[in-house]
There are 2 protein chains.
Amino acid sequence: MPRSRAPSEPRLEGRLRRLRTAGHRITAQRKAVLRALAGMGCACGAEDIHARARRIYPRLGLVTVYRTLGALVREGLAQTVQLDDGRIRYELRDDGRHHHHLVCLSCGAIARLETCAVGPLQQAGRRRGFTVTAHRLELFGYCGDCRSLEREAR
Amino acid sequence: MPRSRAPSEPRLEGRLRRLRTAGHRITAQRKAVLRALAGMGCACGAEDIHARARRIYPRLGLVTVYRTLGALVREGLAQTVQLDDGRIRYELRDDGRHHHHLVCLSCGAIARLETCAVGPLQQAGRRRGFTVTAHRLELFGYCGDCRSLEREAR
DNA sequence: TATGTAAATGAAAGTCATTTTCATTATCTC
DNA sequence: GAGATAATGAAAATGACTTTCATTTACATA
Ligand SMILES: [Mn+2]
Ligand SMILES: [Mn+2]
Ligand SMILES: [Zn+2]
Ligand SMILES: [Zn+2]
């Protein structure tokens with residue numbers, strides 16, 4: 001039985017192709033950022049992604065990471081999570097649909113939230129004369145681990 | 001028939017009392033910020049509030065505005081709106097219940113959204129082991145005015 | 001109504017994530 | 001290959017806050 005190829009590589013190809021189609025050039029730096037992003041466990045900040053991508057392309061500048069992340073978000077290949085204090089985390093969108101997040105205020109853990117009940121609100125927006133093109137929804141609280149720790153400390 | 005008193009003044013008193021009860025001192029600066037905030041049409045940034053409050057108390061520093069806004073939010077008298085780019089707008093909470101916002105990506109106008117359909121999502125959070133203590137929800141798009149302008153330009 | 005004390009203020013300096021500038025380099029089209 | 005133009009990165013700039021610290025002020029207490 002042939003060992004199946006790692007699933008991340010063909011995805012990388014597809015993403016590069018989509019960037020290309022959108023009029024961007026394919027560079028070693030962009031490949032590195034994309035691979036770093038694919039390798040992160042969950043949503044991370046630009047610095048983290050920079051650190052990881054540098055292991056692939058050591059002379060990569062942080063500016064390029066920001067620019068690449070911006071392009072990925074604009075093209076719909078990545079999305080952002082806004083932390084409580086406004087800082088931004090990035091993650092790849094692996095399927096077509098977006099999702100929201102649960103953010104732990106204690107340890108910063110980010111959990112995925114598949115549900116998106118924003119449809120009815122778009123209606124409300126339309127009633128106010130708005131055309132709604134995007135939305136952001138984050139839930140903040142405390143994850144199971146942090147609650148356990150707190151309980152122990154008592 | 002006696003002319004009814006302007007509704008904002010007794011509210012100001014109540015807010016000052018609440019600050020006082022929470023252990024804060026009442027200063028001319030804080031009164032000015034509170035009155036400026038009450039006079040703004042919709043959620044505004046610290047600079048705007050500073051500018052307006054200075055008309056009441058000219059030597060007010062921007063730092064004090066930030067500190068006062070922070071206190072108001074902590075005491076539940078004001079709330080924030082996060083713009084698309086992470087900048088923060090402040091507004092007084094005139095009733096007990098919170099609400100969300102529609103933000104125009106073109107002119108920055110902010111409309112109020114009474115509906116808050118986040119209840120079911122809290123459930124989803126609980127299923128992930130989270131205790132949800134807060135959430136943020138903003139819709140982005142284009143207001144009626146900006147759409148009209150765009151149509152004219154065509 | 002004084003007085004002591006802790007809180008509040010504001011000018012200046014600091015922070016920090018992100019953006020801009022601009023000279024150089026690399027990709028892709030022909 | 002050559003040329004056009006997009007991308008890169010070092011350095012500097014930005015901007016929205018926050019911190020520091022010497023000075024002023026509110027207000028609890030006498
Ligand atoms: Mn996610
Ligand atoms: Mn509002
Ligand atoms: Zn946690
Ligand atoms: Zn608008």
Side-chain angles (χ1 to χ4, degrees), chain A residues 13 15-37 43-51 53-54 56-75 77-90 108, chain B residues 13 15-37 43-51 53-54 56-75 77-78 80-90 103 108:
Chain A
E13 291 305 321
R15 283 166 177 142
L16 289 172
R17 200 162 34 244
R18 283 186 57 183
L19 273 186
R20 193 79 266 291
T21 312
H24 299 280
R25 292 180 180 176
I26 303 309
T27 65
Q29 289 91 326
R30 284 176 177 169
K31 282 185 197 166
V33 170
L34 222 26
R35 285 184 54 196
L37 210 45
C44 301
E47 293 274 13
D48 293 340
I49 294 158
H50 182 221
R54 251 177 194 291
I56 302 166
Y57 189 91
R59 42 163 307 178
L60 176 69
L62 180 56
V63 203
T64 298
V65 174
Y66 275 110
R67 283 192 280 230
T68 302
L69 290 172
L72 290 174
V73 169
R74 251 174 280 119
E75 303 306 340
L77 291 162
Q79 67 177 9
T80 59
V81 191
Q82 276 224 8
L83 265 39
D84 190 45
D85 57 8
R87 275 178 311 167
I88 288 176
R89 299 280 172 92
Y90 298 84
Chain B
E13 291 303 322
R15 283 168 176 141
L16 289 171
R17 202 162 35 245
R18 282 186 59 183
L19 271 186
R20 192 80 264 292
T21 312
H24 299 279
R25 293 179 180 177
I26 303 308
T27 64
Q29 288 89 330
R30 283 176 179 170
K31 282 185 198 168
V33 170
L34 222 26
R35 286 183 53 196
L37 209 45
C44 301
E47 294 273 12
D48 293 340
I49 295 159
H50 182 222
R54 250 179 195 291
I56 302 168
Y57 189 92
R59 39 164 307 179
L60 177 69
L62 180 57
V63 203
T64 298
V65 173
Y66 275 111
R67 282 191 282 230
T68 302
L69 290 172
L72 290 175
V73 170
R74 251 173 281 118
E75 304 305 340
L77 291 161
T80 59
V81 192
Q82 279 226 5
L83 264 40
D84 191 45
D85 57 8
R87 276 178 310 168
I88 288 176
R89 298 278 173 95
Y90 298 84
V103 182

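Naming convention: chains lettered A, B, ... in sequence-line order (proteins, then strands); numbering from 1 in each chain.
- With C:dT9, D:dA16, C:dA17 as the choices, the nucleotide that has an atom nearest any side-chain atom of B:T68 turns out to be C:dT9.
- Here A:R30 reaches the OP1 or OP2 of D:dT8: one of its side-chain N or O atoms lies under 4.0 Å away.
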Side-chain polar contacts of residues 20-31 of chain A - donor-acceptor pairs under 3.5 angstrom, sequence neighbours left out - could you list them?
| from | atom 1 | to | atom 2 | distance (Å) |
| --- | --- | --- | --- | --- |
| A:R20 | NE | A:H24 | O | 2.9 |
| A:R20 | NH2 | A:H24 | O | 3.4 |
| A:T21 | OG1 | A:R17 | O | 2.7 |
| A:H24 | NE2 | A:E75 | OE2 | 3.0 |
| A:T27 | OG1 | A:R30 | N | 3.1 |
| A:R30 | NH1 | A:R25 | O | 2.8 |

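- Whole-Å rounding puts the A:K31 NZ to D:dA7 P distance at 15 Å.
- In this structure, B:I49 atom CD1 and D:dA16 atom P are separated by 13 Å, rounded to whole Å.
- With sequence neighbours excluded, the residues that form a side chain to side chain contact (heavy atoms under 4.5 Å, CB included) with B:V73 are B:A78, B:T80, B:Y90.
- In terms of the side chain to side chain contact (heavy atoms under 4.5 Å, CB included) criterion, residue partners of B:R89 (sequence neighbours excluded) are, by chain and number, B:A43, B:V81, B:L83, B:I110.
- Atom CZ of A:R74 is separated from atom C1' of C:dT19 by 12 Å (rounded to the nearest Å).
- The CG atom of A:L34 sits 8.5 Å away from atom OG1 of A:T68, with the distance rounded to the nearest 0.5 Å.
- Distance, B:Y66 OH to D:dA16 C1': 5 Å, rounded to whole Å.
- By the side-chain hydrogen bond (donor to acceptor under 3.5 Å, both in side chains) test, B:R18 is found to be paired with no residue, residues two or more places apart in sequence or in another chain being considered.
- Counting non-hydrogen atoms of other residues, nucleotides and ligands closer than 6.0 Å to CZ of B:R54 gives a total above 12.
- The distance between atom NE2 of B:H50 and atom P of D:dG15, rounded to the nearest whole Å, is 18 Å.
- Qualifying side-chain hydrogen bond (donor to acceptor under 3.5 Å, both in side chains) partners for A:Q79, counting only residues two or more places apart in sequence or in other chains: A:E91, A:H99.
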In B/S/- notation (B base, S sugar-phosphate only, - none; protein heavy atoms under 4.0 Å), nucleotides 21-30 of chain C written 5' to 3' is B----BBSS-

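- Here A:R87 pairs with A:D85 under the side-chain hydrogen bond (donor to acceptor under 3.5 Å, both in side chains) rule; sequence neighbours left out.
- Side chain of B:T64, nearest nucleotide from D:dG9, C:dT9, D:dT18: C:dT9.
- Across the helix from C:dT1-D:dA30 to C:dC30-D:dG1, the helix axis at one end is tilted relative to the axis at the other end by 40° (nearest 10 degrees, each axis from five pairs).
- We find that CD1 of A:I88 is positioned 13 Å from C1' of C:dT19, with the value rounded to whole Å.
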